[in-house]
Protein chains: 2
Amino acid sequence: MLKLSRLTDYAVVALVRLSAADCVETSPGIAAAIGVPEPTVAKVLKALAGHGLVISSRGARGGYRLGRPLNEIAVSEVIMAIDGPIALTSCVDGASGCESQSLCPVAGRWDPVNDAIRSALSRISLADMEAASIPTAFRLPVVAPMNEVV
Amino acid sequence: MLKLSRLTDYAVVALVRLSAADCVETSPGIAAAIGVPEPTVAKVLKALAGHGLVISSRGARGGYRLGRPLNEIAVSEVIMAIDGPIALTSCVDGASGCESQSLCPVAGRWDPVNDAIRSALSRISLADMEAASIPTAFRLPVVAPMNEVV
DNA sequence: CCAATCAGGACCGCTTAGGTCCACTATCGG
DNA sequence: CCGATAGTGGACCTAAGCGGTCCTGATTGG
Ligand code: SF4
Ligand code: SF4
């Protein structure tokens, strides 16, 4: 349906959330803040850490913090970190994943379309998505960060 | 993986192929021309006919022909005809398919990103994809159209 | 009347994404 | 030095969507 995976969506949400609290935050904390099951958000954070989008601190009082300011992170980076490379069809970038490639009249012709999407996504930063958002005061207070046990 | 479905890809291929032979062509003929199983391409053609992208003629000597010149067909139209609407996440267009929508800091903020992709895809016509293609003479002759049984 | 061809839908198998869990390691605080 | 805390990496399982096939009508030309 030309939709990106839910994990990618969660990654963006987690990053934006992580910038709101610019201090170190644990994955259970983030999970509670954005209303996503903890193991899932943990997996997302792991992948993000592997690509340098977040910095991880181990041990007690560890957690995650942003590896880069939000306006330096493009949407396409998050997508590629979680979802893998952006490839509309099997024949982009000269990849040979299509068996009817030899007699396909549009073989390799998806590349411009693919690049159009890539550039469109790389021009939008997470800060853009956050900036256009409704003012923070308007949002629900949700759960206060790590105040009490349930 | 942010890839479009294979059926959508086949739809574009079929449309381009259909414009090469501007006469009426049957679905088995198209299937043989582009090297795709016949039932599959038939299903694609049906969907395209339902959206007016191709005109169908029933009965003997029937078949499909383009409903519009190629340069009037945007890539986004084909995608929407086969793959459904372009919706990166569950919360675009105000849809409420996400249960964490109430406490999501970026709820509804995917819309600009979504629209960017939509406009990028609607600005590219199938003629653009065909035009940039390698000259037809360079392509393999593949199967001569309906010459002989196997 | 017959053959060809599209229309529409039911159906099924496979892939893959989504989600969960566990054992391990590193770090901090006492 | 020890134990609690928190990330790391991987295996694993389930569910849903997609790709693909087939069958039964409806329609039109010969
Ligand atoms: S455009 Fe042609 S070659 Fe490329 S993936 Fe689609 S069918 Fe295969
Ligand atoms: S952006 Fe937020 S509300 Fe929208 S689909 Fe993702 S998690 Fe749900």
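Convention: sequence-line order gives letters A, B, ...; per-chain numbering from 1.
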For B:S27 and for A:P39, locate the closest nucleotide of DNA chain C by heavy-atom distance; then report the residue assigned to the nucleotide nearer the 5' terminus. B:S27
Do the side-chain N or O atoms of A:Y64 get closer than 4.0 angstrom to the phosphate oxygens (OP1, OP2) of D:dT8? yes
In B:L18, B:D22, B:L48, the residue satisfying side chain to side chain contact (heavy atoms under 4.5 Å, CB included) with B:L66 is B:L18
Quick one: label B:G63 by what it contacts on the DNA or RNA (base, sugar-phosphate, nothing), any heavy atom closer than 4.0 Å. sugar-phosphate
Here the distance between atom P of C:dA7 and atom NE2 of B:H51, to the nearest Å, is 13 Å
d(CG, B:L48; C1', C:dG8) in whole Å: 15 Å
In whole angstrom, what separates B:I30's CD1 from C:dT5's P? 12 Å
For A:R118, which residues count as a salt bridge (Lys or Arg N to Asp or Glu O under 4.0 Å) partner, sequence neighbours excluded? A:D93, A:D115
Side-chain N,O (A:S56) to OP1/OP2 (D:dA6) below 4.0 Å: no
Can you give each donor-acceptor pair under 3.5 Å made by side-chain atoms of residues 67-79 of chain A, sequence neighbours left out, with the distance rounded to 0.1 Å?
unit_1, atom_1, unit_2, atom_2, d
A:R68, NH1, A:E72, O, 3.1
A:R68, NH1, A:E77, OE1, 3.3
A:R68, NH1, A:E77, OE2, 3.3
A:R68, NH2, A:E77, OE1, 3.3
A:E77, OE2, A:A74, N, 3.1

For the base of C:dG8, is there a side-chain donor-acceptor partner from B:K46 under 3.5 Å away? yes
Do any N or O atoms of the protein come closer than 3.5 Å to N or O atoms of nucleotides 26-28 of chain C, and which pairs are they?
unit_1, atom_1, unit_2, atom_2, d
C:dA26, O4', A:R58, NE, 3.4
C:dT27, O2, A:A60, N, 3.1

How many Å lie between CG on B:L45 and P on C:dA7, as a whole number? 8 Å
Mind checking what makes side-chain contact (heavy atoms from CB on, under 4.5 Å) contact with B:P39, not counting sequence neighbours? B:P37
Please give, in whole Å, the distance from C:dA7 C1' to B:I55 CD1? 15 Å
Sequence neighbours excluded, the answer for salt bridge (Lys or Arg N to Asp or Glu O under 4.0 Å) partners of B:R65 is none
Within the sub-3.5 Å range, which N or O atoms of nucleotides 11-18 of chain C have a protein N or O partner, and how far apart are they?
unit_1, atom_1, unit_2, atom_2, d
C:dG18, OP1, A:R6, N, 2.7

Taking only N and O in the side chain of A:S57, is any of them less than 4.0 Å away from OP1 or OP2 of D:dA6? no
Could you go through residues 51-58 of chain A and list every donor-acceptor pair under 3.5 Å that involves a side-chain atom there, pairing it with any protein atom two or more places apart or in another chain?
none

Which residues share a side chain to side chain donor-acceptor pair (under 3.5 Å) with A:S125, sequence neighbours left out: A:D128
Can you name the residues that form a side-chain contact (heavy atoms from CB on, under 4.5 Å) with A:P85, not counting sequence neighbours? none
Taking the side chain as every heavy atom from C-beta outward, state whether A:E25 and A:Y64 have any pair of such atoms under 4.5 Å apart. no
In whole Å, I'd like the distance from the CD atom of A:E38 to the P atom of D:dG7. 8 Å
